[in-house]
Q: 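Once you've had a glance at the structure underneath, I'll fire off some questions.
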Amino acid sequence: MDYQKLADRLFPYISETMEMMEEKYPERDLPEGAKVTRIAPSPTGFMHLGNLYGAMVDERLAHQSGGIFYLRIEDTDRKRLVENGVETILKVFHKFGLEFDEGATLEGDWGNYGPYTQSERASIYQTYVKALVAMGKAYPCFCTEEELAAIHEEQEKEKENFGYYGKYAVWRDRSEEEVYTQLDKGMPYVIRFRSEGSIERKIRFEDQIKGKMEITENDQDVVILKSDGLPTYHFAHVIDDHLMHTTHVVRGEEWLSTLPIHLQLFDALGLKKPKYAHTAQLMKIDDGKKRKLSKRKDPELALDFYFQNGIPVKGAVEYLLTLLNSNFEDWRRANPDAPYQDFPFSTKKMSGSGALFDIDKLNDVCKNVVSRMSAEEVYEKTVQWAEEYDPDFAALLKEDPDYSKAILSIGRGSKKPRKDFGRWSEVKAYVSFFFEPLFAPKYEELPAHLPKELVLRILSDYTKIYDPSLSQDEWFAQLKEICPSYGMTADMKAYKAAPQEYTGSVGDLSMVLRIAVCGRSQAPDLYSVMQLLGKERVIHRLDQLKEWLEAEND
RNA sequence: GGCCCCUUGGUCAAGAGGUUAAGACAUCGCCCUUUCACGGCGGUAACGUGGGUUCAAUUCCCGCAGGGGUCACCA
């Protein structure tokens, strides 16, 4: 078989050579130790937490070392293209603060190693495929889908390994005449790699995350170029990451099983291999069983879902970081205000086993993250979220930004900040009573043991004595002072010891006011709330409760 | 089924050949407290299994089991 002749026949329009490619995409000029990483999603337009999880490893590795983090679009599967897929990808990563240094953008490519969209790189792949054919390391295969299915069936029956290898590699050693006959007839074909591997042999390999391992060589003649002239993932990965000079390939562990193919291809082409980091997959519980997060089955893990639910970007990022490097939590406690980029991230600290997605933990991380934010930031983020998902609420917040921010600063800024909410979507319920349109009092939460007459008396008395100019201490002292006139006590210990001796405690007294003013029994510091609402509204609300109680009499 | 990866409490996990086997979330109890949200203290709760190496193994080795992944002209 004249391989060069075959190569020319197969790719007559490919005039460039491997050497020319190497010259066109020279080694990057980067400082020692700088890592080049990438994410290479297929533009299905669907991103979930798992994608972000992996991308963060890439981003940290690159930017922590002064390297390059770039975006490549893997769109070789023309059947699965989705409109606006690329836009969605770009938008999501931008939102999460993962910025690319290079790669595909909506305005075209940015960087010297493009094109960064695989469908635009067909001739590049073909150049290398042609070279492989010329070396006799790749060959055309004319099998139809049906023939391959038949082979699979036979293997199943014979209990043999599946795939295109050995005697099942039917086009591997066909005569020149047979091949050219098919070509002359214009039959469609794929190009397969001629594997010299054997399942009897093992390869030693060291993964950045999983460490040393032994894997079986690949003996399959895998397809490297599909009949539409585009490469399969295996081949595109090898060529692209070589030409773009990726130093570290971070990908899900589902790729571990095809790793032998990739290593084999690098060797066949005489190319330097990148380092690999195979990340354990994010899992979820399904029917009591652990399962890999799936695009199709877990739409609730789509990143859009997080945005909708008002999960703070920072919260999601920090949660992921705790999964990625468990010592992140310790570091965060020691450095509460440092940007997470300061954390010394390491693949060595990554777990080899898949983490179960834990919504409780996420919630907790979010609460902590939000509690550390300034009122200003909380205000801005909440408005931003509400503008998209709850416009009425956004408008309400923006009516008087200073008022809104003042509300959000209650209990914020101290060493022990309040942790009332961890999501932007929870803010509305928390602040609702500060806004007339949202004020929906639940007067039935009044302490049941207080006689209605007593409550009415308290309300009308307090209307007369409420003095907003008092300091918080003075204000509370006043409450204590008036307790006895209602048969209540300000001494909580005494009250707890013998509750039957009193009509109630200062706690009950406060509760009456709280229910009147806030319309509910759970609220932040009552004094602050009253200060913010202003005397007029406080008194009005006391009156409102009075009216409600009186109306109830009928 | 073949191949590969993984295995410490409910979850995420630290850990070293000899430890009272960290910590966080969740959960339970107590305390603080004018409610709540915090905060403090404490409780329940773990090294899958069988061999081997060793004075000693949860830690090293082998087998097994369990879980996960993968076996496409998808990535």
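Each chain gets a letter, A, B and so on, in the order the sequences are listed, and its residues count up from 1.
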Q: Provide, to the nearest angstrom, the distance between the CG atom belonging to Asp221(A) and the C1' atom belonging to rA72(B).
A: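 Atom CG in Asp221(A) sits about 15 Å away from atom C1' in rA72(B).
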Q: Counting side-chain heavy atoms from CB outward, which of rA72(B), rA24(B), rU34(B) is closest to His152(A)?
A: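 For the His152(A) side chain, the nearest candidate turns out to be rA72(B).
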Q: Once you round to the nearest 0.5 Å, how far does CE of Met213(A) lie from CZ of Arg204(A)?
A: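 Reported to 0.5 Å precision, the distance equals 12.5 Å.
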Q: Tyr139(A) and Trp171(A): aromatic ring centres closer than 6.0 Å?
A: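 Ring centroids of Tyr139(A) and Trp171(A) are no less than 6.0 Å from each other.
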Q: Between rC73(B), rU70(B), rC12(B), which nucleotide gets closest to the side-chain atoms of Val223(A)?
A: rC73(B)
Q: Quick one: is the NZ or CZ of Arg192(A) closer than 6.0 Å to the six-membered ring centre of Tyr164(A), and within 45° of its axis?
A: yes
Q: Quick check for you: among rC73(B), rU34(B), rC12(B), whose closest atom lies nearest to any side-chain atom of Leu148(A)?
A: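 The closest nucleotide is rC73(B).
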Q: Given atom NE2 of His278(A) and atom P of rU70(B), what is their separation to the nearest angstrom?
A: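 Roughly 13 Å, once rounded to whole Å.
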Q: Between rG23(B) and rG68(B), how far apart are the P atoms? Round to whole Å, please.
A: 31 Å
Q: May I have the distance from Tyr165(A) (atom OH) to rA72(B) (atom P), rounded to whole angstrom?
A: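 One finds 12 Å between P of rA72(B) and OH of Tyr165(A), rounded.
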Q: Say you draw a straight line from OG1 of Thr322(A) to CZ of Arg332(A); how long is it, rounded to the nearest 0.5 Å?
A: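 Going from OG1 on Thr322(A) over to CZ on Arg332(A), the span is 11.5 Å.
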Q: Ignoring backbone atoms, test whether Thr232(A) places a side-chain nitrogen or oxygen under 4.0 Å from the OP1 or OP2 oxygen of rA72(B).
A: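 False: Thr232(A) side-chain N/O out of range (4.0 Å or more) of rA72(B) OP1/OP2.
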Q: Taking only heavy atoms on the protein side, list every residue of residues 188-207 of chain A lying under 4.0 Å from any atom of RNA chain B, sorted numerically.
A: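 Close to the strand are Val190(A), Arg192(A), Lys202(A).
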Q: Using a heavy-atom cut-off of 4.0 Å across all strands, would you classify Thr76(A) as base, sugar-phosphate, or nothing?
A: sugar-phosphate
Q: Look for any protein N or O under 3.5 Å of an N or O in nucleotides 5-10 of chain B and output each such pair with its distance, or none.
A:
residue : atom : partner   : partner atom : Å
rC5(B)  : O2'  : Lys210(A) : NZ           : 2.8

Q: Give the ring-plane orientation class for Phe266(A) versus His237(A), where under 30° counts as parallel, over 60° as perpendicular and anything between as tilted.
A: perpendicular
Q: Minimum heavy-atom separation for Pro274(A) to Val249(A), with atom names?
A: CG-CG2, 3.7 Å
Q: Are Tyr233(A) and rC74(B) stacked, counting the six-membered base ring, centres under 5.5 Å, planes under 30°?
A: no
Q: Can you identify which nucleotide, out of rU70(B), rC74(B), rG39(B), has its nearest atom closest to the Asp77(A) side chain?
A: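 Of all the options, the side chain of Asp77(A) is nearest to rC74(B).
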Q: Taking atom C1' in both rG43(B) and rU49(B), compute the distance separating them and give it to the nearest angstrom.
A: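 One C1' to the other, the span is 30 Å.
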Q: Dot-bracket, 5' to 3', for RNA chain B please: Watson-Crick or G-U pairs under 3.5 Å, [ ] where pairs cross earlier ones, | where the partner sits on another strand, dots elsewhere.
A: (((((((..(((.....[....))).(((((.......)))))....(((((..]....))))))))))))....
Q: Say we look at rU19(B) and rU27(B): how far apart would their C1' atoms be, to the nearest angstrom?
A: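 These two C1' atoms come out 27 Å apart once rounded.
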Q: Of the options rG69(B), rC12(B), rC71(B), whose atoms approach the side-chain atoms of Phe162(A) most closely?
A: rC71(B)
Q: Is it the case that over 12 heavy atoms from other parts of the model lie below 6.0 angstrom from the CD atom of Glu158(A)?
A: yes
Q: Under 4.0 angstrom, heavy atoms only, what part of the nucleic acid is Ser521(A) near: base, sugar-phosphate, or nothing?
A: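 The residue Ser521(A) makes base contact.
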Q: Could you check whether Arg418(A) makes a cation-pi contact with Tyr430(A), meaning its NZ or CZ is under 6.0 Å from the centre of the six-membered ring and within 45° of the ring axis?
A: no
Q: Which letters describe nucleotides 27-33 of chain B, given B = protein heavy atom under 4.0 Å from base, S = only from sugar-phosphate, - = neither?
A: ------B
Q: Quick one: is rC74(B) close enough that its OP1 or OP2 comes under 4.0 Å of any side-chain N or O from Lys79(A)?
A: yes
Q: Over 60° means perpendicular and under 30° means parallel, so tell me whether Tyr319(A) and Phe357(A) are parallel, tilted or perpendicular.
A: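 Ring orientation, 0 to 90° scale: perpendicular.
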Q: Check whether any side-chain N or O of Glu426(A) sits under 3.5 Å from a backbone N or O of Arg423(A) as a donor-acceptor pair, and report yes or no.
A: yes
Q: OP1, OP2 of rC25(B) versus side-chain N and O of Lys367(A): anything below 4.0 Å?
A: no
Q: Of all the choices, rU34(B), rC38(B), rA75(B), which nucleotide is nearest to the side chain of Glu74(A) once you look at every atom?
A: rA75(B)
Q: Confirm from the modelled atom types if Arg418(A) and rC36(B) form a donor-acceptor pair under 3.5 Å, side chain to base only.
A: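 Yes.
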Q: Can you tell whether the side chains of Arg121(A) and Asp240(A) come within less than 4.0 Å, N to carboxylate O?
A: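 Salt bridge between Arg121(A) and Asp240(A), a charged N being under 4.0 Å from a carboxylate O: yes.
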Q: Answer yes when Asp77(A) and Arg80(A) have at least one side-chain N-carboxylate O distance shorter than 4.0 Å, and no when they do not.
A: yes
Q: Among rA75(B), rA24(B), rC36(B), find the nucleotide with the atom closest to the side chain of Trp255(A).
A: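 Nearest nucleotide to the side chain: rA75(B).
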Q: Distance check, rounded to the nearest 0.5 Å: Leu230(A) atom CG versus Glu120(A) atom CD?
A: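 These two atoms lie 11.0 Å from each other.
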Q: Out of rA24(B), rU11(B), rA75(B), which nucleotide sits closest to the side chain of Arg80(A)?
A: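 Nearest nucleotide to the side chain: rA75(B).
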Q: Give me the distances for all protein-to-nucleotides 44-49 of chain B N/O pairs that come in under 3.5 Å?
A:
none

Q: Does Arg333(A) reach a base, just sugar-phosphate, or nothing at all? Heavy atoms under 4.0 Å.
A: sugar-phosphate
Q: So does Glu74(A) pair up with Arg38(A), basic N to acidic O under 4.0 Å?
A: no
Q: With Val538(A) as reference, evaluate Val529(A), Val517(A), Leu513(A) under the side-chain contact (heavy atoms from CB on, under 4.5 Å) test and give the passing residue.
A: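 By the side-chain contact (heavy atoms from CB on, under 4.5 Å) criterion, Val538(A) pairs with just one of Val529(A), Val517(A), Leu513(A): Val517(A).
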Q: Atom CG of Asn363(A) to atom C1' of rA26(B): distance rounded to whole Å?
A: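 Taking atom C1' of rA26(B) as the reference, CG of Asn363(A) is at 11 Å.
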Q: Identify, with sequence neighbours excluded, every residue that meets salt bridge (charged side-chain N to carboxylate O under 4.0 Å, His left out) alongside Asp75(A).
A: Arg78(A)
Q: Has Lys226(A) got a side-chain N or O lying under 4.0 Å from the OP1 or OP2 atom of rA75(B)?
A: yes
Q: With a 4.0 Å cut-off on heavy atoms, is Lys419(A) in touch with a base, just the backbone sugar-phosphate, or nothing at all?
A: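 Contact class for Lys419(A): sugar-phosphate only.
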Q: What interatomic distance, in whole Å, is found between C1' of rA14(B) and the corresponding atom of rG67(B)?
A: 23 Å
Q: For RNA chain B, whose closest nucleotide is more 5', that of Cys143(A) or that of Gln281(A)?
A: Gln281(A)
Q: When the aromatic ring centroids of Tyr340(A) and Phe343(A) are compared, is their separation below 6.0 Å?
A: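 They do not qualify: ring centres at least 6.0 Å apart.
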Q: Once you measure the plane-to-plane angle for His262(A) and Trp255(A), does it fall in the parallel (<30°), tilted (30-60°) or perpendicular (>60°) bin?
A: tilted
Q: With nearest nucleotide decided by heavy atoms, which residue, Asp420(A) or Pro41(A), maps closer to the 5′ end of RNA chain B?
A: Asp420(A)
Q: Should we say atom NZ of Lys480(A) is surrounded by more than 12 heavy atoms from elsewhere, each under 6.0 Å from it?
A: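 For Lys480(A), atom NZ is not crowded (no more than 12 foreign heavy atoms under 6.0 Å).
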Q: Respond yes when some side-chain nitrogen or oxygen of Ser326(A) is under 4.0 Å from OP1 or OP2 of rA24(B), and no when none is.
A: no
Q: Can you tell me which nucleotide in rU70(B), rU34(B), rC74(B) comes closest to the side chain of Glu254(A)?
A: rU70(B)
Q: Which atom names give the shortest non-hydrogen contact between Ala516(A) and Phe439(A), and what distance separates them?
A: O-CZ, 3.9 Å
Q: Rounded to whole angstrom units, what separation is found between the CZ atom of Phe357(A) and the P atom of rA26(B)?
A: 15 Å
Q: What does Cys518(A) touch in the nucleic acid at a heavy-atom separation under 4.0 angstrom: a base, only the sugar-phosphate, or nothing?
A: nothing
